[in-house]
Amino acid sequence: MPEYNNDTFFDMVYQVVRLIPKGRVTSYGAIAKYLGASRSSRMVGWAMNNAHTLQDPVPAHRVVNRNGLLTGKAHFGAPDAMKNLLEKEGISVKEDQILDFKKIFWDPTEELEIT
DNA sequence: CGATTGACGTACG
DNA sequence: TCGTACGCCAATC
């Protein structure tokens, strides 16, 4: 059974992802950059992978790559699970590509201030 | 314990 | 503009 790995980076990723407002999305790199590890964007993806095992829900469907492409949709079980969740929040998705991505993009480095 | 992989992104040619 | 190479760190093989 998975425990709460409050190491730092991973847990911070989970927290930021949970802070993503409904109907908004962000990118792995944006989160990594917010954490001060812009070059560790891959770890954000790994965090999401581990997030699947967490007890607390993590809206990983609101996290996409820099292109606004649903690269992680394959990890949701169903091919359209991620797309369904996004559209359910009012986000338009076409061919695994988020429409108006630039518009609904939620940048933690701007929306959230580093305390 | 060494090599490979992974939900990415940037740099370089 | 497109394709390839590398970095980053942890988990898995």
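Keep in mind that what you see is a predicted model, and the values were worked out from it rather than measured. Within every chain, numbering begins at 1; the chains are lettered A, B, ... in the order of the sequence lines, protein sequences first and strands thereafter.
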* Would Glu89(A) and Arg24(A) pass as an ion pair if we require N to O under 4.0 Å? -> no
* **salt_bridge(Asp96(A), Lys83(A)) N-O dist < 4.0 Å** =>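 Judged by the 4.0 Å cut-off on N to carboxylate O distance, Asp96(A) and Lys83(A) do not form a salt bridge.
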* To do: Taking the side chain as every heavy atom from C-beta outward, state whether Leu99(A) and Val93(A) have any pair of such atoms under 4.5 Å apart.
  => no
* Close side-chain approach of Ser92(A) and Asp100(A), heavy atoms under 4.5 Å ->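 They are not in contact (no side-chain heavy atoms under 4.5 Å apart), so the answer is no.
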Tell me whether [Y] is reachable from [X] by hopping between hydrophobic residues (I, L, V, M, F, W, Y) whose side-chain heavy atoms are closer than 4.5 Å.
{"X": "Leu85(A)", "Y": "Ile91(A)", "result": "yes"}
{"X": "Ile20(A)", "Y": "Phe105(A)", "result": "no"}
{"X": "Trp106(A)", "Y": "Val25(A)", "result": "no"}

Would you say the side-chain atoms of [X] pair up with the backbone N or O of [Y], donor to acceptor, closer than 3.5 Å?
{"X": "Gln97(A)", "Y": "Asn67(A)", "result": "yes"}
{"X": "Ser27(A)", "Y": "Ala30(A)", "result": "yes"}
{"X": "Tyr14(A)", "Y": "Ala47(A)", "result": "yes"}

* Contact class for Asn49(A) (heavy atom, under 4.0 Å): base, sugar-phosphate, or nothing? -> base
* Check each residue of residues 74-89 of chain A for a non-hydrogen atom within less than 4.0 Å of any atom in DNA chain B, then write out the ones that pass by number, or none. => His75(A), Phe76(A)
* **Residues in contact with DNA chain B, drawn from residues 24-31 of chain A - heavy-atom cutoff 4.0 Å** =>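 By residue number: Ser27(A), Tyr28(A), Gly29(A).
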* To do: Can you measure from OG1 (Thr71(A)) to CG (Asn65(A)) and round to the nearest 0.5 angstrom?
  =>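 Here the interatomic distance stands at 4.5 Å.
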* Asked: In whole Å, what separates the C1' atom of dG3(C) from that of dA7(B)?
  -> 22 Å
* Asked: How far does the C1' atom of dT4(B) sit from the matching atom of dC6(C), given to the nearest Å?
  -> 16 Å
* **Spacing between Asn65(A) atom CG and dT10(B) atom P, to the nearest angstrom** =>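 The answer, rounded to whole Å, is 11 Å.
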* Asked: Taking CD1 from Ile20(A) and P from dA7(B), how many angstroms apart are they, rounded to a whole number?
  ->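 To the nearest whole Å, that distance equals 18 Å.
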Between the protein and nucleotides 7-10 of chain C, list the N/O to N/O atom pairs that are separated by less than 3.5 angstrom.
from	atom 1	to	atom 2	distance (Å)
dG7(C)	O6	Arg42(A)	NH1	2.8
dC8(C)	O4'	Arg39(A)	O	3.3
dC8(C)	N3	Arg42(A)	NH1	3.2
dC8(C)	N4	Arg42(A)	NH1	3.2

